[in-house]
Student: 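Have a look at this one.
First listed ligand is number 1; within each ligand, the first listed atom is number 1.
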Amino acid sequence: MAQDRFRLAPNKEDLGELIDAQINASGPITLAEYMALCLSHPTLGYYRRSNPIGRQGDFITAPEVSQMFGEMIGAFVAAGWTSLGEPERFDLVELGPGRGTLLKDVLRAAAGPKGLIEAMRLVLVESSPVLTEVQRRALAPVEPLWCEGVENINPDGPPLIVIANEFFDALPIRQFQKEADGWHERLVSIGEGTRGFILSGGVLPRRTVPERVRSAAPGSIWEMGEDAEAAMVTLAARIAKRGGAALIIDYGYEQSQAGDSFQAVAAHRRADPFAAPGEADLTAHVNFEALADVARLAGAVPRKLMTQAQFLAAMGIVPRAKVLSKGNPEEAEMVKADLKRLTAADQMGTLFKVLCITAKDFAPYPFVEK
Ligand code: SAH
């Protein structure tokens, strides 16, 4: 780039400097571009640098809270395989398996029905080489296949059962802000030495914004999860063609709405998303209505959305907690606290939702209603 000749070259080890150099050279970037650089830059992105999940890391996910979470998903997988007619082959696919904890619990709990483990091939969708290594070690001697993105899931093959916990919230979003003349995109720029938002000059065509959001008050923010929708289109097309279901668990909203849910977390605390690119986890709430809509367009059936509390209750988490407490009375208090954390309305119980996407002819328990 010609302008680079007039400035000191950026420090190639500093993602912030690289991003600033790009903005200085070619102008402000969308929030999605900023998030993608921060999370997935090939050498300095957040998920490529370190091991972020767990008590020692930046954030804790449900499978890291308690084994009961993965066990309930294992029960879903087992019941699903049985109601698919116990096919001789099926692929169990996990999107964004983190440290592999969820899958370990799922495999243990799904091993009940005879022939299931023999029929199963494991496919892990993971973009981070660091986490791929962590997963390989956690799951040994089981040997899964890995692929980098949802688009690498084979379009042909046996039925699929897909699970994804806190995967979609990690995908980049764009944000738009309502002004008197319409919706302007929030772009990441550098003003007075610090990174921050500015508004684009142009406005979005009105019809792009969901009807429910159009009449929001001036200053309102609306988020577009293009990457999440694209991933869902691919996933839904695979399920429509191959058969089976996908279980998507994440925090988010049931219907499109205005609001700013973009956040940065480091060491279990909210952080400034612009202060240290690549050092904090960046996420946004998932728009389940938008995901269900695109899944339907891609030929799959979105089942009625459940809260995490409803899903876990239907899968039998309460009796499971009783069994665990009885078996280890000294851990009964902890089991009780974990159950509360996963299911209470003021904790993960209602903020987290469960969306099940299925092929047309398949309604796995507990998603029997449309
Ligand atoms: N499911 C795990 C981890 C959630 S963190 C748990 O519940 O503990 C998000 C996971 O998604 C990480 O494994 C991360 O590396 C992966 N990931 C994030 N963006 C991705 C992308 N675009 N493609 C593939 N994997 C991605």
Student: Is the closest heavy-atom distance from Leu102 to ligand 1 below 4.0 Å?
Tutor: no
Student: May I ask you to list the atoms of ligand 1 that are less than 4.0 angstrom from any heavy atom of Leu171?
Tutor: 22 (N)
Student: Can you give me the closest heavy-atom contact between Ser220 and Trp183, atom names plus distance?
Tutor: O-CZ3, 3.6 Å
Student: Considering the heavy atoms of Pro63, write down every atom of ligand 1 situated less than 4.0 Å from one of them.
Tutor: 6 (C), 7 (O), 8 (O)
Student: To check your reading of the model: name the closest protein heavy atom to atom 26 (C) of ligand 1, its residue, and the distance in Å.
Tutor: Ser127 OG, 3.4 Å
Student: Would you mind reporting whether Phe168 and Asn287 have side-chain heavy atoms less than 4.5 Å apart?
Tutor: no
Student: Look at atom 18 (C) of ligand 1 and say which protein heavy atom is nearest, naming residue and atom and giving the distance to 0.1 Å.
Tutor: Tyr47 CE1, 3.8 Å
Student: Just wondering, do Trp81 and Leu92 contact through their side chains at under 4.5 Å, heavy atoms?
Tutor: no
Student: Is the distance between the ring centroids of Tyr34 and Phe274 less than 6.0 Å?
Tutor: yes
Student: Hey, is ligand 1 close enough to Glu126 that some N/O pair sits below 3.5 Å?
Tutor: yes
Student: For residues Ala284 and Tyr251, report the shortest heavy-atom separation together with the two atoms involved.
Tutor: O-CE1, 4.2 Å
Student: Write out the residue and atom name of the closest protein heavy atom to atom 2 (C) of ligand 1, then the distance separating them to 0.1 Å.
Tutor: Gly96 O, 3.3 Å
Student: Taking only heavy atoms of Gly98, which atoms of ligand 1 are found under 4.0 Å from at least one of them?
Tutor: 2 (C), 3 (C), 13 (O)
Student: If I apply the N/O under 3.5 Å rule, does Glu166 come out as touching ligand 1?
Tutor: no
Student: Identify the closest protein heavy atom to atom 7 (O) of ligand 1: which residue and atom is it, and at what distance?
Tutor: Asn165 ND2, 2.8 Å
Student: Which atoms of ligand 1 have any heavy atom of Glu148 under 4.0 Å away?
Tutor: 23 (N), 24 (C)
Student: Go through ligand 1 atom by atom and flag the ones less than 4.0 Å from a non-hydrogen atom of Thr61.
Tutor: 6 (C), 7 (O), 8 (O)
Student: Is the shortest side-chain heavy-atom distance between Asp91 and Ile153 below 4.5 Å?
Tutor: no
Student: Same cluster for Phe176 and Val213 if Ile/Leu/Val/Met/Phe/Trp/Tyr side chains link at under 4.5 Å?
Tutor: yes
Student: Which atom names give the shortest non-hydrogen contact between Asp58 and Ala267, and what distance separates them?
Tutor: OD1-N, 2.5 Å
